[in-house]
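Here the structure comes first, spelled out in structure tokens, and everything after it is commentary.
All of these numbers come straight from a predicted model, not from anything done at the bench.
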Amino acid sequence: MAVHHVQYGDTTIEYHLTYAVRKTLGISVHPDLRVTVVAPQDTPLEAIEAKVRQRADWILRQQREFELYLPHIPPRQYVSGETHRYLGKQYRLKVVEDTSAEWVKLARGYIIVRTTDKADTGHIKTLLDGWYRQQARRIFHERLRDLLPRFGRYDLPDFELRIKALQARWGSCTASGIITLNLKLLQVAKPYIDYVIVHELCHLLEHNHSKRFYALLDRILPDWRERRQKLNAMDF
């Protein structure tokens with residue numbers, strides 16, 4: 001089942017495409033927010049994308065409705081002993097009380113949070129979230145800087161990089177040149193961060209998931225399919 005995307009305004013709709021012996025094209029939205037499309041054999045991709053855009057309002061409405069019934073994920077307690085993921089590795093949270101200073105750092109398999117009140121878990125969450133965002137800005141810009149030379153032969157337009165906690169996708173790119181990366185990417189190893197960044201940079205040149213887009217992606221990152229498969233198989 002191939003994964004494709006279409007741009008609808010500022011929203012990227014991801015859908016899983018399969019072909020079957022049938023006369024009409026069917027679009028389904030599932031309770032886990034996945035969108036699946038079953039198309040008659042030999043249907044051009046351009047026609048499929050046009051149909052998905054035509055049904056975009058309905059797709060987004062269905063996803064918003066299903067979001068109300070998603071299973072509740074127990075919130076983290078932000079106490080010592082919890083595991084938190086960073087760049088593909090698991091770290092134990094260690095909360096240390098210190099009335100003189102507050103900071104967060106990595107050390108020997110731990111994410112250490114030093115705070116003035118270890119009983120204030122809400123404040124610990126704020127400190128940890130701030131640290132993750134700070135690291136995301138540093139790591140994502142570092143990876144972007146290292147990957148841009150691969151596009152040296154192409155005339156990339158100006159773009160803006162944003163970081164947000166996205167619910168249903170790893171990244172997006174608008175027609176106006178705004179690339180948004182999911183904050184959760186900081187939890188995976190750098191090769192998978194690189195895949196998402198390259199994918200969105202390719203969209204600056206090829207806005208749709210056309211044959212030209214995938215040909216460009218093949219040239220820039222030949223093993224992108226393997227990276228995408230492993231990234232999408234990760235359990236969060």
(Q) If only side-chain N and O atoms count, and only distance matters, is there a donor-acceptor pair under 3.5 Å linking Ser100 with Asp98? (A) yes
(Q) Under a 4.0 Å threshold between the charged nitrogen and the carboxylate oxygen, would Lys51 count as salt-bridged to Glu49? (A) no
Q) Just wondering, do Arg85 and Lys89 contact through their side chains at under 4.5 Å, heavy atoms? A) no
Q) Does the side chain of His30 come within less than 4.5 Å of Thr36's, by heavy atoms? A) yes
Q) Does a donor on one side chain and an acceptor on the other come within less than 3.5 Å for His4 and His209? A) no
Q. Okay, side chain of His141, backbone of Arg137: is any donor-acceptor separation there less than 3.5 Å?
A. yes
Q.
Could you walk me through whether Trp131 and Ile111 satisfy the side chain to side chain contact (heavy atoms under 4.5 Å, CB included) test, starting with their C-alpha distance in whole Å, then the side-chain angles of each, then the deciding distance to 0.1 Å, before giving a yes or no?
A. CA-CA 10 Å; Trp131 179 80; Ile111 299 178; 4.2 Å; yes
Q. Glu102 and Thr116: side-chain donor and acceptor closer than 3.5 Å?
A. yes
Q. Ile112: which other cluster members, linking ILVMFWY side chains closer than 4.5 Å, directly or transitively?
A. Val96, Trp103, Tyr110
Q.
Whether Arg228 engages the ring of Trp224 as a cation-pi pair (distance to the six-membered ring centre under 6.0 angstrom, angle to the ring normal within 45°) should be assessed.
A. no
Q. How about Arg92 and His84: do any of their side-chain heavy atoms sit closer than 4.5 Å?
A. no
Q | Leu166: hydrophobic cluster co-members (side-chain, 4.5 Å) | A | none
(Q) Hydrophobic clustering (ILVMFWY, side-chain heavy atoms < 4.5 Å, transitive) - are Val52 and Trp58 grouped together? (A) yes
**Q.** Test salt bridge (charged side-chain N to carboxylate O under 4.0 Å, His left out) applied to Arg114 and Glu97, step by step
**A.** CA-CA 6 Å; Arg114 191 173 292 272; Glu97 190 164 305; over 6 Å; no
Q. With no hydrogens and no angle check, is any side-chain donor or acceptor of Glu82 less than 3.5 Å from a backbone partner on Gln77?
A. yes
**Q.** Results of side-chain contact (heavy atoms from CB on, under 4.5 Å) for Ala39 - residues two or more places apart only
**A.** Leu17, Tyr19, Leu25, Thr43, Ile48
Q. Any chance the side chains of Arg225 and Tyr214 put a donor and an acceptor closer than 3.5 Å?
A. no
Q.
Assess whether a salt bridge exists between Asp223 and Arg227, defined as any Lys/Arg side-chain N lying under 4.0 Å from an Asp/Glu carboxylate O.
A. yes
